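Remember, it's 1-based here, ligands and their atoms both numbered in the order they're listed. Owing to the predicted nature of the structure, the values given are computational and were not obtained by experimental measurement. Only this structure's heavy atoms are used, side chains among them; waters, hydrogens and symmetry mates stay out. Positions are given from 1 along the sequence.
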Amino acid sequence: MRILDWQIGDVRVTLIPETIATGLTARTFFPDFDEGAFAAELPWLAPDHYDRASDRIRLSVHSWLVRTGKQTILIDTCCGNAKPRPGFPDFDMLDTPWLDRLKAAGVSPEQIDIVMCTHLHSDHVGWNTVSRDGRWVPTFPNAKYVMSKQDYHLWCAPGASAFRRMVHEDSVLPVMQAGQAVLIEDGYDGADRLTVVPAPGHTPGHFRLDLDAGERGAVFAADALHNPVQVPLWRWSASSCDDPVRSRQTRFELLSHCAETGTLMLPAHFAAPHAAIVRRKGERFELDWRPAPG
Ligand SMILES: [Zn+2]
């Protein structure tokens with residue numbers, strides 16, 4: 001498998017792919033779905049981001065590896081292997097070579113300095129832990145795992161859903177028990193070149209990460225958007241958003257920021273080519289794809 005690298009200033013950004021989720025229709029994933037509006041985007045959306053034959057949208061699940069020269073930082077850790085996720089067949093009991101792909105990119109688990117968990121959904125914290133001798137233990141023994149304090153407490157609150165508690169117990173709690181979790185409220189200044197920017201809506205504590213790497217930099221947009229159709233149709237939040245109205249506002253702010261600054265947008269779920277510049281044309285946003293060179 002070819003390693004996909006983007007050189008952004010003197011920072012190297014690498015995509016570590018896990019899987020492609022193909023189980024969702026746009027009609028069910030976007031509560032504001034409109035047949036005509038969706039159909040108008042299909043000429044550029046298919047086949048990479050939408051499969052006409054099955055009428056399913058395509059969502060990549062991947063991590064971003066950031067090498068600044070000073071630190072090696074992993075942004076989100078996908079679904080993980082052997083984790084029961086009832087009701088989510090795309091994420092359930094996976095068996096993927098994600099860890100081998102990380103190693104193929106030239107990084108061992110011991111070399112990760114920081115794991116950034118943009119939020120605590122199951123497809124962002126899975127490789128936080130691996131199973132060893134029947135126990136879930138941190139995959140990255142020398143890393144700090146940075147996550148929102150607000151989300152952390154929501155996931156383990158007595159009123160949290162059984163699913164959230166399951167994710168918490170196999171993927172987040174072991175990191176906390178190992179003393180490696182850093183719960184943040186007002187940003188985090190321990191990551192070289194990366195600034196935590198609140199991006200609430202998808203979850204209350206959801207954040208994006210802005211990379212300072214010279215003139216234009218990059219934005220790791222996490223789940224402010226899921227599928228590229230949400231660039232022109234930015235009003236469409238996902239059914240998985242805790243607060244769809246706030247999520248829409250966050251998405252508009254993100255797209256406006258990217259369009260104004262020319263920064264490279266690197267979301268958590270866009271299928272290939274994965275990365276793009278955002279252009280504003282009147283009231284509409286469009287993508288100018290930037291595939292990994294080479
Ligand atoms: Zn996600």
Between side-chain atoms of residues 43-50 and protein atoms elsewhere (two or more places apart, or another chain), which donor-acceptor pairs fall under 3.5 Å?
| residue | atom | partner | partner atom | Å |
| --- | --- | --- | --- | --- |
| Trp44 | NE1 | Glu41 | O | 3.2 |
| Trp44 | NE1 | Glu41 | OE1 | 2.8 |
| Tyr50 | OH | Asp55 | OD1 | 2.6 |

* With the threshold set at 4.0 Å, does a side-chain nitrogen-carboxylate oxygen contact exist between Asp212 and Arg193? -> no
* Asked: Do you know how many protein N, O or S atoms are within a distance smaller than 2.8 Å of the Zn ion (ligand 1)?
  ->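 Under the 2.8 Å cut-off, the count stands at 4.
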* Is the gap between the ring centers of His124 and His269 under 6.0 Å? ->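 Yes.
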* Please check if the distance between the ring centroids of His153 and Trp155 is under 6.0 Å. =>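 No: the rings miss the under 6.0 Å criterion.
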* List for me each residue that meets side chain to side chain contact (heavy atoms under 4.5 Å, CB included) alongside Arg56, sequence neighbours excluded, and say none if there are none. =>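 Checked Arg56 against side chain to side chain contact (heavy atoms under 4.5 Å, CB included); matches are Thr25, Ser54.
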* Structure fact -> Residues passing the side chain to side chain contact (heavy atoms under 4.5 Å, CB included) test with Glu185, sequence neighbours excluded, are Lys149
